[in-house]
*Asks:* 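Sending over a structure as structure tokens; questions will come in a sec.
Convention: sequence-line order gives letters A, B, ...; per-chain numbering from 1. Predicted model, so just to flag it, every value in this text is computed and none were measured.
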Protein chains: 2
Amino acid sequence: MRRPTIADIARQAGVSKGAVSYALNGQPGVSEATRARILAIANEIGWRPNIAARALNGARAHAVGLALCRPARFLGVEPFFMELISGIEAELSARSYALLLQVVGGHEAEMGVYRRWWGEGRVDGAILVDLHLDDPRVPQVEEMGMPVVVLGHPSAAGSLVPVWADDSAAVRETVEYLVALGHRRIARVAGLPRLSHTAIRDRAFGDVCAGLGLDTCPIVHTDYTGEEGARATRRLLSSSERPTAIVFDNDIMAVAGLSVAQEMRLDVPADLSIVAWDDSPLCQVVRPPLTVLTRDIPAYGAHAAQRLLALIDGAETRPLEDQAPRLTTRGSTAPPA
Amino acid sequence: MRRPTIADIARQAGVSKGAVSYALNGQPGVSEATRARILAIANEIGWRPNIAARALNGARAHAVGLALCRPARFLGVEPFFMELISGIEAELSARSYALLLQVVGGHEAEMGVYRRWWGEGRVDGAILVDLHLDDPRVPQVEEMGMPVVVLGHPSAAGSLVPVWADDSAAVRETVEYLVALGHRRIARVAGLPRLSHTAIRDRAFGDVCAGLGLDTCPIVHTDYTGEEGARATRRLLSSSERPTAIVFDNDIMAVAGLSVAQEMRLDVPADLSIVAWDDSPLCQVVRPPLTVLTRDIPAYGAHAAQRLLALIDGAETRPLEDQAPRLTTRGSTAPPA
DNA sequence: CCCTCGAACTGAACCGGTCCAGTGACGCTC
DNA sequence: GAGCGTCACTGGACCGGTTCAGTTCGAGGG
């Protein structure tokens, strides 16, 4: 039971392959009657275009690539990637593009995957995530000439098209809110220090705290896991200058931090206010529910996909600034006791 | 800057395209000297095989498909899919296969995606997840003739190759453990009732409870979200015959249930024991840490990918029974007060 | 020295589409 | 009714590989 080809259709319709091609692609060159006949036959015998054959004629691969460079154990931890992917997907599938996904162990492997995909004509472009400071992938991808959208701040994107959100503004909003509540000792439990968005948030945090004349504003770096979040929290809460508010870089660390505080018989929010980055069901399920910096992650992914498709079409190449994270206040923040 | 082709290599090496093809594919028909020369040139000019051209010759697409039929809001909720995907990926990438991913809204859309992928020669096979009772996808996929591995119990897989784990055994182990602790009133907060694995767990739960002569063993069905988990827990804990132990079908509901219990001033585990299905950082971060049914989800995905690749190669088609979930006891289970 | 055989390689068909240069028929105009 | 333009369609080259039937050549055997 061979797949039907346009040659089969041509034979049945009594026309040439060329005519069938025109008819099926909505191009001029065939009469409406013939077109209808050809479409009917194609439909009847269940013809589908063979993308390989199409791609061979210099056409699009109709797929974009995403290589995630994270150990598997971190992937499950954060809902971020799944939400991002579903957003990217929504945009892609609307244009019948597929997403090629690969989980890789490191940057070299990631570049190897991109090189292979691009070299094999498997993808028309890619999305780069988790930018590092001085990320080696940026110049390498630039050299490959593959259309690429970068999820991250323009300052780190080189000549690639960035899609980004203003994390600095979110940090500022959060700290100002906590200060308005009366907090003077605010700490930050951050993610991996080599990630560029961590650096941006760190700097914004330092700047805002200094600007507001706050006392000590420690930053502790972690690997985003609950264990490290708990350890960082324990350390902060045991210090002589115990902070009255902690801003966490993700939800899982915030929940871990909450548990640590409660273990230490501290009341949240009376003794300690907690803010998490990125909302998730988790943040609403714990007691008290967590005040969070909310992002529309699927939209973020969708915008990135949009820009990438535009880039592939040779159109839009300007940076795209997405909505900044918004502070959603819940029960975990209050004036210090 | 055109992509180099074997014609370019042939020209530079002064041989025919055919010879280059033999050399690059490790086939006999060229001398070792020539082969080395050709490989050197290919390497130097950065040649990569164009998969479209290869696929055109009836070769493999070197990709498998996974269409996830879940609303985006559920995807982020559970680490399950991300872990599954990373496991699938690990196996695929070792064999240079890519994973085509699409998130779809319903079963018809999902079948449309598979039909398109298969018809277009984009994938060599697919993995079917979240089997329903009398799942309409099974006969449809059978008819398409596409190699497919089903993640789910053989009884629901029709003639497709199932990869499954013995959930019944896990349910039995859990209930027997709780009974051994002294519990007599055990409840189950289950997932979507139309999913076949929910039905299997439900039946096992009923059977085991009946077999052990337990009193009432209510089952409440939910949609896997924290909100519904909380509501179900509230309902169970407010009933006249309050259960002393609850087994949840995922981690997020278990955590929500824990919060509800603590809100109701019940001590966990003294007044209520809690067991969650699927371990996650979340389960270890809350107080008390949750007793869970642990599965090696990445391994599960890897095994499914293995079986699928074997199936594509025309080899193995027997069902594969994976390791059953194992009970990992933590602080959330104890004898009833 | 001739014949055979295998290794090494060539040339061309082929996969399933796209697309361009032609071709023939028809209608319109002057 | 000759000339022209347009429409509908044909035939074939082409994309980048694979594969197979030949061809050439050198070595070995009798």
*Asks:* Under 4.0 Å: is that the gap between some side-chain N or O of B:S16 and OP1 or OP2 of C:dT10?
*Replies:*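 For C:dT10, OP1 or OP2 has a side-chain N or O of B:S16 closer than 4.0 Å.
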*Asks:* Using the rule given for side chain to side chain contact (heavy atoms under 4.5 Å, CB included), can you reason through B:L68 versus B:Q102, listing the C-alpha separation, both sets of side-chain angles and the distance that settles it, and then say yes or no?
*Replies:* CA-CA 6 Å; B:L68 291 178; B:Q102 188 145 348; over 6 Å; no
*Asks:* Please work out if A:G29 contacts a base, only the sugar-phosphate, or nothing of the nucleic acid, heavy-atom cut-off 4.0 Å.
*Replies:*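 Base contact - A:G29 has a heavy atom under 4.0 Å of at least one base atom.
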*Asks:* Determine whether B:H62 and A:R122 make a side-chain contact, defined as any pair of heavy atoms from C-beta on separated by less than 4.5 Å.
*Replies:*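 Yes, their side chains come closer than 4.5 Å.
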*Asks:* Could you check how far CD1 of B:I9 sits from C1' of D:dG16, rounded to whole Å?
*Replies:*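 So the two atoms are 11 Å apart, to the nearest Å.
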*Asks:* For B:W164, which residues count as a ring pair (Phe, Tyr, Trp, His ring centres under 6.0 Å) partner, sequence neighbours excluded?
*Replies:*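 B:H153.
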*Asks:* How about B:L84 and B:L151: do any of their side-chain heavy atoms sit closer than 4.5 Å?
*Replies:*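 Answer yes - side chains close enough.
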*Asks:* Which pairs would a plain distance check flag for residues 9-18 of chain A, meaning a side-chain donor or acceptor within less than 3.5 Å of a matching protein atom at least two apart in sequence or in another chain?
*Replies:*
residue : atom : partner : partner atom : Å
A:R11   : NH2  : A:D8    : OD1          : 3.1
A:S16   : OG   : A:A19   : N            : 3.4

*Asks:* Quickly work out the B:R3 CZ to D:dG16 P distance and round it to whole Å.
*Replies:*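 After rounding, the gap between these two atoms is 9 Å.
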*Asks:* With the criterion being N/O to N/O and under 3.5 Å, what pairs connect the protein with nucleotides 19-21 of chain D, and how long is each?
*Replies:*
residue : atom : partner : partner atom : Å
D:dC20  : N4   : B:Y22   : OH           : 2.5

*Asks:* Distance check needed: C:dC20 C1' versus A:N25 CG, whole Å only.
*Replies:*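 Nearest whole value for this atom pair: 15 Å.
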*Asks:* Can any side-chain N or O of A:R35 pair as donor or acceptor with the backbone N or O of A:G29 at less than 3.5 Å?
*Replies:*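 The answer is no, because no donor-acceptor pair under 3.5 Å joins these two groups.
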*Asks:* Which of residues 31-48 of chain B sit near DNA chain C, with a heavy atom under 4.0 Å from it?
*Replies:*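 The answer is B:S31, B:T34.
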*Asks:* What integer distance in Å separates B:N50:CG from D:dC15:C1'?
*Replies:*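 Distance, rounded to whole Å: 8 Å.
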*Asks:* Just to verify, what does A:R115 make a side chain to side chain contact (heavy atoms under 4.5 Å, CB included) with, not counting sequence neighbours?
*Replies:*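 Listed in chain order: A:M111, A:Q140, A:M144, B:R48.
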*Asks:* Given axes from five pairs at either end, by how many degrees does the helix from C:dC1-D:dG30 to C:dC30-D:dG1 bend, rounded to 10°?
*Replies:*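 Answer for the end axes of this duplex: 60°.
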*Asks:* Distance check needed: C:dG17 C1' versus B:R122 CZ, whole Å only.
*Replies:*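 B:R122 atom CZ is separated from C:dG17 atom C1' by 15 Å.
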*Asks:* Do B:L309 and B:L92 have side chains that approach each other closer than 4.5 Å (heavy atoms only, starting at C-beta)?
*Replies:*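 SC-SC contact between B:L309 and B:L92 confirmed.
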*Asks:* Please assess B:Y97 against B:I312 for the test side chain to side chain contact (heavy atoms under 4.5 Å, CB included), listing each intermediate value before the final yes or no.
*Replies:* CA-CA 12 Å; B:Y97 264 69; B:I312 289 170; 4.0 Å; yes
*Asks:* Students often mix this up, so state it plainly: with edges at 30° and 60°, are the rings of A:Y224 and A:H197 parallel, tilted or perpendicular?
*Replies:*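 Rings of A:Y224 and A:H197: tilted, as their planes differ by 30° to 60°.
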*Asks:* Quickly work out the A:L56 CG to D:dG16 C1' distance and round it to whole Å.
*Replies:*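 From A:L56 CG to D:dG16 C1': 5 Å.
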*Asks:* Counting just side-chain N and O atoms, does B:R54 come under 4.0 Å of either OP1 or OP2 of D:dG16?
*Replies:*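 No, no such contact exists.
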*Asks:* Under a 4.5 Å cut-off applied to non-hydrogen side-chain atoms, are A:F81 and A:D130 in contact?
*Replies:*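 A side-chain contact under 4.5 Å exists here.
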*Asks:* What is the distance, to the nearest angstrom, from the CD1 atom on B:I6 to the C1' atom on D:dC15?
*Replies:*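 Answer to the nearest Å: 12 Å.
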*Asks:* Take atom CZ of B:R11 and atom C1' of D:dG16, then tell me their distance rounded to the nearest Å.
*Replies:*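 That distance rounds to 13 Å.
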